Amino acid sequence: MTETPSSPEPASSEPAPKRTPKPQARTLLRRENVLRAAMSVFGQRGYNKGALVEVAEQAGMTHAGVLHHFGSKEGLLVAMLQYRDGVEAAGIPGRAQTEGPAFLGHMLDTVIENTERPGVVQTYAVLAAESVTEGHPAQTYFRDRFTILRDKIAGVLAEVTGRDASEPDVRDDATALVALMDGLQVQWLLDPSDVDMPRIVEKVMDELIDRLRTGKPAPPFPRAAD
């Protein structure tokens, strides 16, 4: 049965709520310049030694201007990490997120992309290592990031192998893939000519998936006699 349209509501005497204006394109460009400068400064000097004054100089702004956009050095750091991960940060739109089995291919694409942006990789490696220290402002960010990433990879591995994402083997392999990618980045930064990140990640990923699909246990390591 078709409903009868309701009568129009009487005009409200209450003022309409104010809409928060979206940042203008010029403002977003300035913020993006600051985030790129922060990646450079924090990547070279770490968070504690990286100065906002230097970030501002590289971005062509004043120290006060940086604080105006990000509120604090801690706020800038978190926004910079979100920007690096392709998440919306300071009004700058994020990248579309890849879901399902295609995420494994996305991981390989990211590794390939990282070989062309050593500065970004260096920033991540430095800040991830620093974040384990007490009171570091990015500690919660990295802890949450790793938790989410392990869960997502475990879900994808389960989907492509017919296993359950809660199985210890699946979760262990998800954790191992995260550790592999982060550890390779450090080795690659120190010796890029001898460490082929995309090839190694693809090789290990294929081996883990094959083992999960077939259910074959990993061969035991030889041990020295007691």
Side-chain angles (χ1 to χ4, degrees), residues 39 42-43 46-47 80-87 94-133 136 138-223:
M39 282 197 289
F42 293 156
Y47 172 77
M80 186 216 72
L81 290 168
Q82 292 171 333
Y83 175 74
R84 175 205 172 275
D85 284 346
V87 179
R95 297 189 298 267
Q97 300 298 305
T98 305
E99 303 295 338
F103 186 67
L104 296 177
H106 170 72
M107 289 172 63
L108 288 174
D109 290 342
T110 301
V111 175
I112 295 171
E113 182 181 352
N114 282 345
T115 63
E116 302 296 328
R117 50 179 193 174
V120 174
V121 176
Q122 177 178 296
T123 302
Y124 174 85
V126 169
L127 293 175
E130 280 190 343
S131 72
V132 304
T133 59
H136 194 282
Q139 187 171 101
T140 298
Y141 180 88
F142 277 105
R143 182 185 294 114
D144 292 347
R145 181 182 187 277
F146 284 131
T147 298
I148 293 170
L149 191 55
R150 286 193 300 267
D151 288 345
K152 184 167 185 175
I153 295 175
V156 173
L157 289 176
E159 188 172 351
V160 300
T161 62
R163 302 285 291 270
D164 191 305
S166 64
E167 292 180 44
D169 279 356
V170 177
R171 296 200 62 80
D172 286 350
D173 286 350
T175 302
L177 279 177
V178 176
L180 170 71
M181 294 178 70
D182 280 14
L184 275 177
Q185 288 183 158
V186 175
Q187 294 188 55
W188 176 78
L189 287 168
L190 294 172
D191 193 0
S193 64
D194 197 42
V195 178
D196 189 329
M197 290 198 296
R199 186 184 71 217
I200 296 170
V201 170
E202 184 172 16
K203 176 183 177 181
V204 174
M205 187 181 293
D206 287 344
E207 291 175 351
L208 292 180
I209 290 174
D210 181 65
R211 184 168 58 80
L212 287 174
R213 278 176 173 161
T214 61
K216 295 179 180 178
F221 290 105
R223 297 179 181 273

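Since the structure is predicted, the reported quantities are computational estimates derived from the model, not experimental observations.
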_Where Ala165 and Ala154 come nearest, the two heavy atoms and their spacing_ = CB-O, 3.8 Å

*For Ala125 and Val186, work out which heavy atoms get closest and say how close.*
CB-CG2, 4.4 Å

*Starting from the C-alpha separation in whole Å, work towards a yes-or-no answer on side chain to side chain contact (heavy atoms under 4.5 Å, CB included) for Asp109 and Thr98.*
CA-CA 11 Å; Asp109 290 342; Thr98 305; over 6 Å; no

Can I get a per-line list of side-chain donor-acceptor pairs under 3.5 Å for residues 168-181, giving both atom names and the distance, sequence neighbours left out?
| residue | atom | partner | partner atom | Å |
| --- | --- | --- | --- | --- |
| Arg171 | NH1 | Asp151 | OD1 | 3.3 |
| Arg171 | NH2 | Asp151 | OD1 | 2.7 |
| Asp173 | OD1 | Arg211 | NH2 | 2.9 |
| Asp173 | OD2 | Arg211 | NH2 | 3.1 |
| Thr175 | OG1 | Arg171 | O | 3.0 |

Please round to the nearest 0.5 Å and tell me the distance separating atom [atom1] of [X] and atom [atom2] of [Y].
X: Thr123; Y: Arg117; atom1: OG1; atom2: CZ; answer: 10.0 Å
X: Leu127; Y: Leu81; atom1: CG; atom2: CG; answer: 6.0 Å
X: Phe142; Y: Gln139; atom1: CZ; atom2: CD; answer: 10.5 Å
X: Glu202; Y: Asp196; atom1: CD; atom2: CG; answer: 10.0 Å
X: Asn114; Y: Trp188; atom1: CG; atom2: CH2; answer: 7.5 Å
X: Gln82; Y: Arg145; atom1: CD; atom2: CZ; answer: 12.0 Å

Between [X] and [Y], is any pair of side-chain heavy atoms under 4.5 Å apart?
X: Asp194; Y: Gln187; result: no
X: Met39; Y: Val120; result: yes
X: Ile153; Y: Phe103; result: yes
X: Leu184; Y: Ile200; result: yes
X: Met205; Y: Leu108; result: yes

*Go through Leu157 and Leu208 one step at a time and tell me if the side chain to side chain contact (heavy atoms under 4.5 Å, CB included) criterion holds.*
CA-CA 9 Å; Leu157 289 176; Leu208 292 180; 5.7 Å; no

*Look at the side chain of Tyr47 and the backbone N and O of Glu130, then say whether any donor-acceptor pair between them is shorter than 3.5 Å.*
no

*Short question: side chain of Gln185, backbone of Gln122 - any donor-acceptor pair under 3.5 Å?*
no

